[in-house]
There are 4 protein chains.
Amino acid sequence: MSGSTYGKLFSFTTWGESHGSALGVVVDGCPAGIPLRPEDIQVFLNRRKPGQSKYTTKRSEEDTVEILSGVFEGRTTGTPISMVVFNKDQRSRDYSEIASYYRPGHADYCFDAKYGFRDYRGGGRSSGRETIGRVAAGAIAMKILHALDIEVSAYAEEIGGIRCSSIDLSLCAKNPFYMPDLEAAKKVQAAAEKQMADKDSMGGVIACIVKNMPVGIGEPVFEKLDANLSKALFSIGAVKAVEIGDGFCSARSSGSENNDSFLPPKQKGGPLQKASNHAGGILGGMSDGSDIFLRAAIKPTPSIAKEQQTVTCTGEPVTVSIRGRHDPIIVPRAVVVVEAMTAVTLVDMLFAGMTAKMDSICRFFGRSNSDI
Amino acid sequence: MSGSTYGKLFSFTTWGESHGSALGVVVDGCPAGIPLRPEDIQVFLNRRKPGQSKYTTKRSEEDTVEILSGVFEGRTTGTPISMVVFNKDQRSRDYSEIASYYRPGHADYCFDAKYGFRDYRGGGRSSGRETIGRVAAGAIAMKILHALDIEVSAYAEEIGGIRCSSIDLSLCAKNPFYMPDLEAAKKVQAAAEKQMADKDSMGGVIACIVKNMPVGIGEPVFEKLDANLSKALFSIGAVKAVEIGDGFCSARSSGSENNDSFLPPKQKGGPLQKASNHAGGILGGMSDGSDIFLRAAIKPTPSIAKEQQTVTCTGEPVTVSIRGRHDPIIVPRAVVVVEAMTAVTLVDMLFAGMTAKMDSICRFFGRSNSDI
Amino acid sequence: MSGSTYGKLFSFTTWGESHGSALGVVVDGCPAGIPLRPEDIQVFLNRRKPGQSKYTTKRSEEDTVEILSGVFEGRTTGTPISMVVFNKDQRSRDYSEIASYYRPGHADYCFDAKYGFRDYRGGGRSSGRETIGRVAAGAIAMKILHALDIEVSAYAEEIGGIRCSSIDLSLCAKNPFYMPDLEAAKKVQAAAEKQMADKDSMGGVIACIVKNMPVGIGEPVFEKLDANLSKALFSIGAVKAVEIGDGFCSARSSGSENNDSFLPPKQKGGPLQKASNHAGGILGGMSDGSDIFLRAAIKPTPSIAKEQQTVTCTGEPVTVSIRGRHDPIIVPRAVVVVEAMTAVTLVDMLFAGMTAKMDSICRFFGRSNSDI
Amino acid sequence: MSGSTYGKLFSFTTWGESHGSALGVVVDGCPAGIPLRPEDIQVFLNRRKPGQSKYTTKRSEEDTVEILSGVFEGRTTGTPISMVVFNKDQRSRDYSEIASYYRPGHADYCFDAKYGFRDYRGGGRSSGRETIGRVAAGAIAMKILHALDIEVSAYAEEIGGIRCSSIDLSLCAKNPFYMPDLEAAKKVQAAAEKQMADKDSMGGVIACIVKNMPVGIGEPVFEKLDANLSKALFSIGAVKAVEIGDGFCSARSSGSENNDSFLPPKQKGGPLQKASNHAGGILGGMSDGSDIFLRAAIKPTPSIAKEQQTVTCTGEPVTVSIRGRHDPIIVPRAVVVVEAMTAVTLVDMLFAGMTAKMDSICRFFGRSNSDI
């Protein structure tokens, strides 16, 4: 079945393999009238590209995006937007050995079983480079959110078990780990050096905050906002858990502690305020007007040079050491992917929410027959 | 937008409010030829019904299901299966006061903002009774899985911070908390007594194990098995987090520890085995043949008799004490809901996986033109 | 695969067989705030029910609809609306013989091949009674259209080759054929008497006009308005062709004749007018502001008492004469079904059209950040 | 809303404008293991490209397709297949005048109303070049059908009112009109010369035959095979009507004439035969095993050099003469588009039909637990 399209109203289809000639995305359902230039997409893609620090893969790619359709005289036309990035630095010889065995922690075995064979070069379709399409689509979604005064910011909350003690988002760009706490970043650097010397890898936790969502976005009971956000995040490779608000801590709390009391709105007619935000901004699957807070747990990079046991494609035991240019830590490059997937989900859900009330619909079309 | 339908190939639409005349579900896409009687559905519904212990709501409902279509001479016909349960013991007078304020931790405020008004009786559409439809659909999905030799079992792994130390699924039915460890259940009983005396509530964690899934089920990159399972679980009211396998523990692990080494299959041609299962049975978004393990964190019941601060529908501060018949702990009754949502997702994904390989498709239709 | 749900944003799922206990529909995605009572649905259902004239089936059904959810204090809540009609006058003995052979012109053989067996009673799932759910959903869609000042009117344009020469919609309810021309109706009556004496049946053409659609509704390139309308109409049993505007006559015309010249709008800022309407109100798959005109060709009722050749379920030739209570002409009862399917499609497409322009979306949410 | 994606299980998204840099398609859900080379796609694209005869547009494009993903070592991998064609011969100066008025019979006005502005160059997104993506996707679908021994053949049955008297598909490639009757083609040539001298255009009717479909494909009640085929055909620009089998002639027939009597199968266990095929191979929305026969009516090309009345974008009356390189007759180039849309629909429906019976599903997965 087709599984490479995300979204119902604002939707996009990604394509491309790590070692194919190009990767890209087609965004469908983007409203017309949004100013859009390649630079707007590039700034997001640059946050995910490889070779930016010694702690991420050494593969060197410019990842320059081209917009091939859907834009006229600098604005989106409402027609599909096709964006492409051409691969430049693929080294297929690094991967030829891998064709003969199943790498632990990777999708090799599953792909083989599912399709009968696989493109073994790099991660094929499950490579991190597949996220190029998501981030490009996310950049457009971010424009839409920006037009609606909604902010989305993700950061590395924890790497290798080392947590941030304070959150200052302006510090994220000032360290190679995209952490909002430079002290924590320093400790992570030391831990990372050690892991790399050990030919091993580390995981982490990415947090994401959404500010200023309208109240009531999300479609009960199955297209809830948190349900769709979790699906979006879990679709990112290496994600093994998602929390909304207090997440697992809620499970260990009591009703009286976990409930967020409502308070009167700041301005008359504005959204209610809350005395706390254990809910993480989502109640009953809909936005409650507070900041939305979510977390994604990222497992450690499976491709490590350290020796591992596994089997060949014919089922024989074998010891392997995976060479090639792999990220010791995926987390820093995955932060923008979490932002992108959050953004596209928010846009799709905002669009879905426009048909909730008959009077809004009448107002939208400038028609109102009260005799019904 | 329509949000009450789940699934693409095996799909179902739930309907009904807590205090309306009935609740139900229409299952669409169920294959023909499956033996089905109301008793098959009833056994699952009985696990979720209220009034079963002092630790769950005292509302008394038989929740007897009727099958109104889609079955002929005892077998499914392939046409939509409509199942209905009529509400008997709704007490609207318990809820009239609630119409005037927004209960903390509930969806009241969000529904009002989204739709302009709400059915304030009981939880309305966000009531736990909405899960009747899901469990009925899940019962049919469980039949399909059973025909394919796939098992799904959920249990309460933790309640109020008290964890099970051992797992013996046969013990679940022998305590009111559906825990597979009687020692833990006893401690939970004591803790529950205390919470109820305090007019407060508790949350917990439900775990679910799937055995014997074929390898390669899940549709990269957006319709991954874990992505869809998480969406299914998050759609259940009160869920605030989902983990697959080691979940957040993966984030604190290293690649060498977290990777599961592959081992030769038990029988020639069978699925590979693994030395460990940190992945929880899913790699690259597809089943890897090992047991699938997932967890859902359930927040404590928001409706408590203990006094809380909130606001009225006109934004004035007010102190409330929520009466009515509410579950001090939702977890025991939610276990079957977790099983149901897991089951319907597995079926939908198994169906989706049938078109992965051209040769399988040719075999299915009994046609094969090799000249392509 | 699930095939009993129609629509993406305003969607509904029908269920029920001709000889099962009930039939119904669940409407999902209906906006909140619409006044709705069973009488509103009943008036549409009454136009399709059997036993209304000697020219339609003699089965006697009240077809009284009950609304089981989704309405509170007389208005839609935005939650799913479940509507049910209980079968009363099913005579299963009329159909027992039919179980042994495949009726020509019916879906019996296809159902058997597809599902392995079939509910042979009445038409099972392919019975005309299945349209009850569609008409009920259509009644709600008509309310939405009415609130938006959009009118949908269908009528029998032709029966048994006898065409209406004039169109006066007020005459439709004054003859048993729902024709807007009493002269034509009289001729049809004579032809119908003859066909019935011959134990045979007749087909016809149903036309439908939509007035006052906003311009630009329809989603190129695959979710065009005409594409979706045709799918909706073809889903009605017995439909064998659909035309938009001049339809097949366009194929025999020239560009200069077929093009509709645009004219200035009636009022400044209003929709353009056209000198003609060969296009039938749809250009490039979008509404152009003129009346939308479409036609559906209905084949003659396949169940006739006249002798026919066919085969038994084991492939043996057999001569049959189909008894039971069948419509000599389906067309009059199908008119409201054409209206219903047109209405639900228009609503779904109107909703889809709300996200076409960024500035409208900003206006809808009351937010506008021009710095994008 | 997103409207540029077609299909549920085998799906594709087209993108690109007539005068943008490129056009393309991403095919998602194509099974793995199908041999695929650019030449396989090119042979279909060559049947639609411009400049092939004096009766079609003089724009000169090679329309060479490149496959950028989804193929490895010559076979489809099961991952998305991105195909691109770069525009070479776009002449934007031919269209600058058109920006100021709304061409009759075109989507200009609708696009402007829908999106607020439009890419006026060529037909923009509603240009015939948009069909490049469809035909490329259709080429892949044809491979799948070929593997299943299913044939799809379309031809021009009628142009400018001149019908074929005989059908010999081998003659289609021997005349510029793709007609299976050289006599008719000669008459059309004369008529075409006259129309072109008149600066006018002609329409026609394209017929399509499908041979050897399995019985029972199609998903009642809304995802019927004919319903989806009609939607697919109506999505092609310029289509104004669709017929299945006898179409409108059925409406004027009687039940005894229109019913197709069933006959015993040719071989034991094979599909039933029928004495006639008025139904066009589809009954109750499902394939009945006979040849599927459908027709699409194509309106005459709206862009003509002959003078027409219309209005400017500001609503002022204006007389125009549309220059540029336009097809006097679209029909010959649209034949392969009808084949393509038919093919992709058949594949999607064949895939959908795989989950109709529980025993087939058990057989597919090689598992069968009879204790259900």
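Chain letters run A, B, ... following the sequence lines, proteins first, then strands; residues in each count from 1. FYI, side chains are in, hydrogens and waters are out, and symmetry mates aren't considered; it's all heavy atoms of this structure.
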Checklist entry - Does Lys240(A) pair with Glu243(B) as a salt bridge, N-O distance under 4.0 Å? => result no

Checklist entry - Going by an N to O cut-off under 4.0 Å, is there a salt bridge joining Lys8(A) and Asp348(A)? => result no

With chain B, which of [options] has the greatest number of heavy-atom pairs at distances under 4.5 Å?
options	value
Asn228(A), Leu225(A), Ile162(A), Thr301(A)	Asn228(A)
Pro214(A), Gly216(A), Gly160(A)	Gly216(A)
Gln195(A), Met354(A), Glu158(A)	Glu158(A)
Glu257(A), Arg134(A), Lys299(A), Glu316(A)	Arg134(A)
Asn258(A), Asp200(A), Thr310(A)	Asp200(A)
Tyr102(A), Phe351(A), Tyr115(A)	Tyr115(A)

Checklist entry - Can you find a side-chain donor-acceptor pair between Asp246(A) and His278(A) that sits under 3.5 Å? => result yes

Checklist entry - Side chains of Thr13(A) and Tyr6(A): donor-acceptor distance under 3.5 Å anywhere? => result no

Heavy-atom pairs under 4.5 Å with chain A, option from [options] with the top count:
options	value
Cys249(B), Ser303(B), Ser287(B), Ser261(B)	Ser261(B)
Gly161(B), Gly105(B), Ala227(B)	Ala227(B)
Val242(B), Asp198(B), Ile304(B)	Val242(B)
Ala251(B), Gly247(B), Gly203(B)	Ala251(B)
Pro264(B), Ser254(B), Gly289(B), Gly237(B)	Ser254(B)
Asp226(B), Leu233(B), Thr355(B)	Asp226(B)

[atom1]/[X] to [atom2]/[Y] distance, rounded to the nearest 0.5 angstrom?
X	Y	atom1	atom2	value
Ser201(B)	Asn259(A)	OG	CG	7.0 Å
Phe222(B)	Ser11(A)	CZ	OG	10.0 Å
Lys224(A)	Ile282(A)	NZ	CD1	10.5 Å
Arg295(A)	Phe248(B)	CZ	CZ	6.5 Å
Lys199(B)	Lys306(B)	NZ	NZ	10.0 Å
Ile329(A)	Met202(A)	CD1	CE	5.0 Å

What is the minimum heavy-atom distance between [X] and [Y], and which atoms define it?
X	Y	answer
Ala232(A)	Ser235(A)	O-OG, 2.7 Å
Ala113(B)	Lys357(A)	O-NZ, 3.7 Å
His106(A)	Leu283(B)	O-CD1, 3.4 Å
Val311(A)	Tyr101(A)	O-CB, 3.4 Å

Region of [X] that comes under 4.5 Å of a non-hydrogen atom in chain A:
X	answer
Asp288(B)	both
Met341(B)	side chain
Thr312(B)	neither
Ile236(B)	backbone
Glu307(B)	neither
Ser230(B)	both
Ser2(B)	both
Gln309(B)	both

Checklist entry - Stepwise, does the side-chain contact (heavy atoms from CB on, under 4.5 Å) test hold for Phe262(B) with Gln308(A)? => result CA-CA 10 Å; Phe262(B) 287 107; Gln308(A) 302 180 80; over 6 Å; no

Item to check | Proximal to chain B - members of residues 267-275 of chain A, heavy-atom separation under 4.5 Å | outcome: Pro271(A), Leu272(A)

Item to check | Backbone of Ala305(A) reached by a side-chain donor or acceptor of Ser321(A) within 3.5 Å | outcome: yes

Checklist entry - Side chain, backbone, both or neither: which part of Thr314(A) has a heavy atom under 4.5 Å from chain B? => result neither

